[in-house]
Amino acid sequence: MGPNIIIFNPDEMRADSMGHLGNPAAYTPFLDEMAGTDAVSFRRAFCQNPVCVPSRCSFTTGLYPHVRGHRTMTHLLREGEESIFSELKSQGYYVWMNARNDLVAAQEEEALSRHASEIFYGGNIRPPKVSDKSRTRQNPLDFRAMYSGQPTSDGKGEIYTRDDEDVDAAIRRIRDKPQGQPLCLFLGLIYPHPPYQAEEPYFSMIRRSKMGRRILPEECRGKAEIHRAIRKNQQLDGYTEEQWTELRAAYLAMVAKVDHQFRRLCDALKESGEYDNSAIFFFSDHGDFAGDFGIAEKAQNTFEDCLTNVPFLIKPPKGYEVDPGVSDSLVELVDFYGTAMEMAGAAPSHSHYGFSLTEVLKDRTRRVREFVTCEGGRNPEEIHCDEFHAGGPQGTPPYSPYYPRHFAQTDPSAHAKGFMVRTMDYKYVARVDEADELYDLNQDPGERTNVISDPQYRRVRSELEKKLRLWLMRTADIVPFDYDKRFSREMIWAAVRHNVPPEHREEILREIDNGANMFLLAAECRRRFGDYWNADV
């Protein structure tokens, strides 16, 4: 029986929101401790798309978003598409997940049951209220920045959110694990996805004086058009630096709560005796601007590290060597699939592009990838990929906090396709409808200055363009493991029937039903029955 596969998946969490990856303002004591004792934390882990659904469709299948067109919020896994959950379920695992879906097409009634043994739907609690104090502090800029401050406490300490309800349900399932089956548990949280809000004690845990400088839009040159379009619609020029600091602090406070919830889940595994026999994966689907470049939330087709570099920690089960600490190896979220399937001893049902990271867990100095990739955006005719219209014929309403970004994405040029290739030293972004981007990450880690036109980087650009071209060629599609027949029963019988005497008809039909090759069977009939020809068949 394989180990438990435990996946803890916060939404929209940046890698630099954790203390052990260098953020002095962060409060993530459990993640920091785990990265030093039991797990490897990957400093340079990257998602394959900077929004939820495409990223999840990628890391649960080991496929890149372009392979099957999963690069929009409204194209999810459909009938005939497998995920790590359906594969583990078919191979003996009890698969539990909460209803934070963003993965399986909901219009197919049987689809969810193929991917899960049990789904916790929850929804039995009231959403937290915003305090009167927060309301008086808020203004239209707060709304467009998705800043909500501190929800009202119930007077008993922490408020109880939908995430808390899901964490408690996951803990109950761990304590009451099905007998005779390993557990695959997928817990997808909402935090730290905006609105930026966090209750006490988390809100006060963040050391605002330790927060580094934001990346300011006026410091940048040659950025993608979608940046300008979102900033124009969000209209946050009047936001003061003090307000941006509070927004960023609320984001880190949400991460602090995620750290506490992850501790609770791991404590439950320890108390139930399942911790050692569990492969534990902690990672996010993508990051968040959180004020960098003057933008709140995210974008679909821009690839700065704040959006694409995500936390990724792995604690292996017993029997695997582990060199705990921080790894500088470049890895992708598709490598979760490759690693988890190997640890589970499960056979993938399809080709995939994830690497197993077990050798890096054993020795953090090992490197597995020369570069990582990310992709996003759409072709002009693909209104299906346009979130503004996905909600209905009138589009996203102006009173939605998502309106600024969704409306920016109606511009097919600003929302056009882009592909990122990132090495340890450089980042190259190829764009369909505007200038490409190139960043020297050693000289410009904040990706402020696009040097794509600088002659001294001509060779670097050429090398990265070649890497991107070859990567797209290698990953353009996959061939399934199972074989299709070229010829039906009727086709094969039509090819041989004139050479078959009536008394041998049923015999030859049985051979056809047993998978006989048409060409070999035709030759065999000619050999056995000579020049026999029945023109009346």
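Only this structure's heavy atoms are used, side chains among them; waters, hydrogens and symmetry mates stay out.
Under the 3.5 Å distance criterion, with hydrogens and angles disregarded, no donor-acceptor pair is assigned to the side chains of R100 and N9. A donor atom on one side chain and an acceptor atom on the other are found under 3.5 Å apart for T28 and D32.
Comment: R162 engages D166 in a salt bridge, judged by a side-chain N to carboxylate O separation of less than 4.0 angstrom. Comment: E79 does not engage R114 in a salt bridge, judged by the lack of any side-chain N to carboxylate O separation of less than 4.0 angstrom.
Remark: R369 qualifies as a cation-pi partner of F355 under the 6.0 Å distance and 45° angle criteria applied to the six-membered ring. Geometrically, R208 engages F203 in a cation-pi contact defined by less than 6.0 Å to the ring centre and at most 45° from the axis.
Taking the six-membered ring for Trp and the full ring otherwise, Y353 and H66 have centroids separated by 6.0 Å or more. Two rings, from F262 and F30, have their centers less than 6.0 Å apart.
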Salt bridge (charged side-chain N to carboxylate O under 4.0 Å, His left out), that's the test. Do E370 and K467 meet it? Break it down for me. CA-CA 10 Å; E370 181 188 2; K467 291 183 192 299; 2.3 Å; yes
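Ring geometry, Y196 versus Y251: the interplanar angle exceeds 60°, so the pair is classed perpendicular (tilted spans 30 to 60°). A tilted orientation is assigned to the rings of F59 and F186, their planes being inclined by 30° to 60°. Ring pair F293/F289 is perpendicular by interplanar angle, where above 60° counts as perpendicular and below 30° as parallel.
Residues satisfying the side-chain contact (heavy atoms from CB on, under 4.5 Å) criterion with N23, sequence neighbours excluded, are A25, A26, L252. By the ring-ring contact (aromatic ring centres under 6.0 Å, His included) test, H286 pairs with no residue at all, sequence neighbours left out. Every residue two or more places apart in sequence or in another chain that forms a salt bridge (Lys or Arg N to Asp or Glu O under 4.0 Å) with K298 is listed here: E12. Contacts of D436 classified as salt bridge (Lys or Arg N to Asp or Glu O under 4.0 Å), with partners at least two apart in sequence or in another chain: R461. With sequence neighbours excluded, the residues forming a side-chain hydrogen bond (donor to acceptor under 3.5 Å, both in side chains) with S41 are H20, listed by chain and number. Looking at residues two or more places apart in sequence or on another chain, you find a side-chain hydrogen bond (donor to acceptor under 3.5 Å, both in side chains) between N124 and E165.
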